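These numbers were taken from a predicted model, which means no experiment stands behind them. Letters go in sequence order (proteins before strands), and every chain restarts at 1. Just the heavy atoms: all of them, side chains too, but no hydrogens, waters or symmetry mates, feed the values below.
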Protein chains: 2
Amino acid sequence: MTPTTPPRPTPAEQTAPSGEAAAPTACPAAFAMELVAHKWTIHILFALHRADAPIRFRKLQRETAPITQKELTKRLRELERSGLVARRIFAEVPPRVEYRLTDLGRTLMPALVGLHRWAEQHGGEVVDHWRRAERESG
Amino acid sequence: MTPTTPPRPTPAEQTAPSGEAAAPTACPAAFAMELVAHKWTIHILFALHRADAPIRFRKLQRETAPITQKELTKRLRELERSGLVARRIFAEVPPRVEYRLTDLGRTLMPALVGLHRWAEQHGGEVVDHWRRAERESG
DNA sequence: CTGCATCCCCTTGGATACTG
DNA sequence: CAGTATCCAAGGGGATGCAG
């Protein structure tokens, strides 16, 4: 028997679902930050930035490896919906779909490049600290 | 036929677990990026930046709401281990633990501020695009 | 042949209760 | 007050099937 009466504490009451944000209820800036502060989003945007030209899905996936197609699709939809990325479909055989940064998307790049620079400059220190802590604490 | 033979494709073989990166195998820069490109990490670092002084756990949680204690603890340990955040424990009652940015952590802030500025300047556009797509596609 | 949706499963993150 | 342990829903990875 299942007299369980599932506790069901507070099922679903999030303010900003990171995966599929329904509607930015609060601050737009926070919404934009959440969009960008995602593991794969930055990789994708950088790949598009480096390409500096329309790039096909498959190629994009290789550039952002080891991302999965599922995740890449998801994030591209999200970015497209946010106006940072544009998708162009060619009605031809074999099918071709190209992605590119929009003007709005390009405005993001300086900040992302800054982040990337920091990572390149201080990544070594971070890893060093990490390894040291690993040695000390076990 | 016994369809048993569970497909069992490739159970667990990840290269870079984002949650608890064991050891930065590849590029340190990539490791640092993954560390920063996390939903809560940026919020936490900004809170520490704004405080500009040692801040207690509870206070930090309020500043980074609606983060959970579990997540805050996890990310703080990660940041501490990476050398971006320092933790100081006071052996007193009631217990007190203070967190602060390290010098290394401060080097990150300019880049993060840049990101934040972008979010404040263009967050409106992002939300606008989002809403428009929502209206057009259903 | 390319891109996307679906399935299953494991990991991550949120919420609560409890201990030092 | 700080932190851990536990339960549970959701997110993300892998493989496959399908549509254009």
Side-chain angles (χ1 to χ4, degrees), chain A residues 2 4-22 34-35 37-41 43-44 54-81 85 87-99, chain B residues 3 5-22 34-35 37-41 43-44 54-78 80 85 87-99 137:
Chain A
T2 45
T4 30
T5 317
R8 189 63 57 165
T10 321
E13 195 173 9
Q14 291 177 262
T15 37
S18 47
E20 289 286 341
E34 304 253 329
L35 177 70
H38 224 278
K39 182 181 177 181
W40 293 113
T41 304
H43 287 261
I44 295 169
I55 182 175
R56 300 180 66 168
F57 184 89
R58 208 60 163 142
K59 174 97 173 176
L60 188 55
Q61 187 181 359
R62 287 192 174 280
E63 297 290 325
T64 54
I67 196 174
T68 60
Q69 290 149 343
K70 183 183 175 182
E71 188 66 11
L72 182 55
T73 298
K74 194 175 185 179
R75 297 269 92 95
L76 280 172
R77 297 267 164 155
E78 192 180 52
L79 289 170
E80 185 192 4
R81 190 171 200 179
V85 166
R87 177 173 61 166
R88 188 173 181 188
I89 308 168
F90 294 83
E92 60 187 44
V93 159
R96 183 168 52 150
V97 180
E98 290 183 345
Y99 295 88
Chain B
T5 323
R8 186 63 53 173
T10 322
E13 195 175 9
Q14 290 178 262
T15 37
S18 48
E20 289 288 340
E34 302 254 330
L35 176 71
H38 224 278
K39 183 182 176 182
W40 293 113
T41 304
H43 287 262
I44 295 169
I55 181 175
R56 301 181 67 166
F57 184 90
R58 209 61 163 140
K59 175 96 173 176
L60 188 55
Q61 187 181 0
R62 288 190 175 279
E63 295 292 324
T64 55
I67 195 175
T68 60
Q69 291 113 344
K70 184 183 174 182
E71 189 65 10
L72 182 55
T73 298
K74 193 176 184 179
R75 298 268 94 94
L76 280 173
R77 296 247 189 257
E78 191 179 52
E80 184 192 5
V85 166
R87 177 173 61 165
R88 189 173 181 188
I89 308 169
F90 294 84
E92 59 187 46
V93 159
R96 181 169 52 153
V97 179
E98 291 183 346
Y99 295 87
S137 295

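For the OP1/OP2 pair of dG13(D) and a distance below 4.0 Å, the side-chain nitrogens and oxygens of Trp40(A) include at least one atom meeting the criterion. Checking the phosphate oxygens (OP1, OP2) of dG12(D), a side-chain nitrogen or oxygen of His38(A) falls inside 4.0 Å.
Interatomic distance, Ile44(B) CD1 to Ile55(B) CD1, rounded to the nearest 0.5 Å: 11.0 Å. Between the CG atom in Leu72(B) and the CZ atom in Arg77(B) there is a gap of 10.5 Å [rounded to 0.5 Å]. Rounded to the nearest 0.5 angstrom, Leu60(A) CG and Tyr99(A) OH are separated by 8.0 Å. Rounding to the nearest 0.5 angstrom, the gap separating the NE2 atom in His38(B) from the CD atom in Glu34(B) is 8.5 Å. Gln61(A) CD to Thr73(A) OG1: the interatomic distance, rounded to the nearest 0.5 Å, is 8.0 Å.
Take Glu63(B) and apply the salt bridge (charged side-chain N to carboxylate O under 4.0 Å, His left out) test, not counting sequence neighbours, and it matches no residue. Glu71(A) pairs by the side-chain contact (heavy atoms from CB on, under 4.5 Å) definition with Trp40(A), Ile67(A), Thr68(A), Lys74(A), Arg75(A), not counting sequence neighbours. The side chain to side chain donor-acceptor pair (under 3.5 Å) check on Arg87(A) picks up nothing, with sequence neighbours excluded.
Residue Lys39(B) contributes atom NZ, which lies 15 Å from atom C1' of dG12(D) at whole-angstrom precision. In this entry the distance linking NZ of Lys74(B) with P of dA15(C) reads 15 Å, nearest Å. dG3(C) atom C1' lies 16 Å from atom CD of Glu71(A), rounded to whole Å. A straight line from NE2 of His43(B) to P of dG14(C) spans 11 Å, rounded to a whole angstrom. Between the CZ atom of Arg88(A) and the C1' atom of dG3(C) there is a distance of 18 Å, rounded to whole Å. In this structure, Glu92(A) atom CD and dC1(C) atom P are separated by 16 Å, rounded to whole Å. Computed from coordinates, the Glu98(A) CD to dC4(C) P distance equals 13 Å when rounded to whole Å.
Every pair passing salt bridge (charged side-chain N to carboxylate O under 4.0 Å, His left out) that includes a residue from residues 88-98 of chain B is listed here, sequence neighbours excluded: Glu92(B)-Arg96(B), Arg96(B)-Glu98(B).
In this structure, the helix from dC1(C)-dG20(D) to dG20(C)-dC1(D) shows an angle of 30° between the axis at its start and the axis at its end, each fitted on 5 base pairs and rounded to 10°.
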Can you check nucleotides 2-4 of chain D for protein contacts, nitrogen or oxygen pairs under 3.5 Å, and list what you find?
residue: dA2(D); atom: OP1; partner: Arg56(B); partner atom: NE; Å: 3.2
residue: dA2(D); atom: OP1; partner: Phe57(B); partner atom: N; Å: 3.3
residue: dA2(D); atom: OP2; partner: Arg58(B); partner atom: N; Å: 2.7
residue: dG3(D); atom: OP1; partner: Arg87(B); partner atom: NH1; Å: 3.3
residue: dG3(D); atom: OP1; partner: Tyr99(B); partner atom: OH; Å: 3.1
residue: dG3(D); atom: OP2; partner: Tyr99(B); partner atom: OH; Å: 3.0
residue: dG3(D); atom: O3'; partner: Arg77(B); partner atom: NH2; Å: 3.3
residue: dT4(D); atom: OP1; partner: Arg77(B); partner atom: NH2; Å: 3.2

